[in-house]
Undergrad: 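Sharing a structure below in structure tokens format, with a few things to ask.
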Amino acid sequence: MPTTDKILVIGSSGQLGTELVQNLRSVYGLENVIASDIKMTDQAKEGLFEVVDVLNAAGLLEVIKKHGVTQVYLLAALLSATAEKNPKFAWDLNMNGLLNVLDLAKEKIIQKIYWPSSIAVFGPNTPKQNTPQFTIMEPSTVYGISKQAGERWCEYYFNKYAVDVRSLRYPGLIGWKSAPGGGTTDYAVHIFHEALKSGSYECFLSENSTLPMMYMPDAIKATIGIMQADADKIKIRSSYNLAGFSFSPKEIAHEIRNHIPDFTITYKPDSRQQIADSWPQSIDASRAGQDWGWKPEFDLAGMTADMIRNLKGKKS
Ligand code: AKB
């Protein structure tokens, strides 16, 4: 079906961006999806690409006008662990980047925005099991604080300026095509690479640190799904709880052993343990299901089997 949408993905070479761009290009066509990042990447060989610094509002506007962009997926951000190392820059990037893009929609230069939030909006006082959509938040990381403030800005721009902004609170994302960077949930990707490479993994979280996670195909389906849903179905304009499945390092190691029986895991918790301890263990995503039909496909066993099959194929 021909489309009038022109999509700019900002921060396209990260873990989510890499796969999202591939999927958006197959849905909307190569000529309608512009990948962009702070520096040139190999994505430039596969389709349209621009170097964009989201903090440079004038430069961003130039690219938007050049391509007649109608929708922006804003993925550029520092994640939880990296943000703790550079809190002021994390705040600047995560917040002012968002405001620059929201302002473009306020001025009606673009029509629609996707902006990711995270389970990091929740904090140590949040109920940990089946965390409700609306509950105590009080995040204790700079990343979580920036995501919570970002959610407030999104809702504010929707209410005040009718900006069509849509958002999901991602759990940890697991995929085989691209590497994660700077997150607390990254171990759940590293563990597969190490299991296949050396048969063992030293985990930076303790064995019973249960966290909500999601396999990348489900994350992509949810992201494109919320953006394609009719506007009147999007009842929450801060951000939707999103859930796949939850597990601890011990549980995923057990699952990996169903495929690699000799796999061993050891535990050496570092500063990321404190971040993990402040987050929920499972998420109630029922509002996403009710409002715009969200339903995950993968569970821990299905994800593990698919990861191992694909990573083995990638190596050979
Ligand atoms: C992180 O660990 O920082 C991210 C997230 C849960 O938002 N993966």
Side-chain angles (χ1 to χ4, degrees), residues 11 13-20 73-87 89-91 93-95 97-98 114-124 126 128 131 137 139-151 154 167-193 203-206 209-220 222-223 238-249 252 269-285 288 296 303 307:
S13 59
Q15 186 198 13
L16 174 64
T18 306
E19 296 211 28
L20 188 62
Y73 287 67
L74 171 56
L75 309 182
L78 287 200
L79 298 191
S80 56
T82 321
E84 288 308 298
K85 297 196 179 109
N86 201 345
F89 176 65
W91 178 258
L93 175 65
N94 295 6
M95 211 70 313
L98 173 61
Y114 178 78
W115 176 79
S117 185
S118 160
I119 54 162
V121 292
F122 300 115
T126 304
K128 281 205 181 301
T131 300
M137 294 173 104
S140 55
T141 62
V142 67
Y143 174 63
I145 296 168
S146 72
K147 288 295 178 189
Q148 193 193 23
E151 288 191 6
C154 288
S167 176
L168 299 169
R169 291 174 180 154
Y170 290 126
L173 300 183
I174 302 165
W176 56 273
K177 290 189 184 168
S178 49
T184 302
T185 57
D186 293 9
Y187 91 84
V189 178
H190 299 155
I191 195 170
F192 285 101
H193 289 270
C203 186
F204 59 75
L205 297 183
S206 63
S209 301
T210 300
L211 287 171
M213 302 278 184
M214 178 172 280
Y215 196 32
M216 194 59 90
D218 274 338
I220 301 286
T223 307
S238 51
S239 191
Y240 275 93
N241 273 8
L242 189 69
F245 44 90
S246 293
F247 58 79
S248 64
I252 192 176
D270 65 15
S271 56
R272 288 168 280 194
Q273 182 65 48
Q274 208 185 348
I275 302 177
D277 288 343
S278 76
W279 288 353
Q281 298 190 342
S282 60
I283 299 285
D284 172 10
M303 177 275 290
M307 277 293 281

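One-based numbering, in listed order, for ligands and for the atoms of each.
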Undergrad: Could you check whether any side-chain heavy atom of W176 comes within less than 4.5 Å of a side-chain heavy atom of E19, counting everything from C-beta outward?
TA: no
Undergrad: Decide yes or no for L79 and S118: does some side-chain heavy atom of the first lie under 4.5 Å from some side-chain heavy atom of the second?
TA: no
Undergrad: Tell me which residues fall inside the under-4.0 Å heavy-atom shell around ligand 1.
TA: L79, S80, S118, I119, Y143, G183, T184, T185, W279
Undergrad: Go through M216 and L16 one step at a time and tell me if the side-chain contact (heavy atoms from CB on, under 4.5 Å) criterion holds.
TA: CA-CA 8 Å; M216 194 59 90; L16 174 64; 3.9 Å; yes
Undergrad: Please walk me through it: do T82 and F89 pass side-chain contact (heavy atoms from CB on, under 4.5 Å)?
TA: CA-CA 10 Å; T82 321; F89 176 65; over 6 Å; no
Undergrad: Check whether S238 reaches the backbone of E151 with its side chain - one donor and one acceptor, N or O, closer than 3.5 Å.
TA: no
Undergrad: For the pair F204 and Y187, name the ring-plane relationship: parallel under 30°, tilted 30 to 60°, perpendicular over 60°.
TA: perpendicular
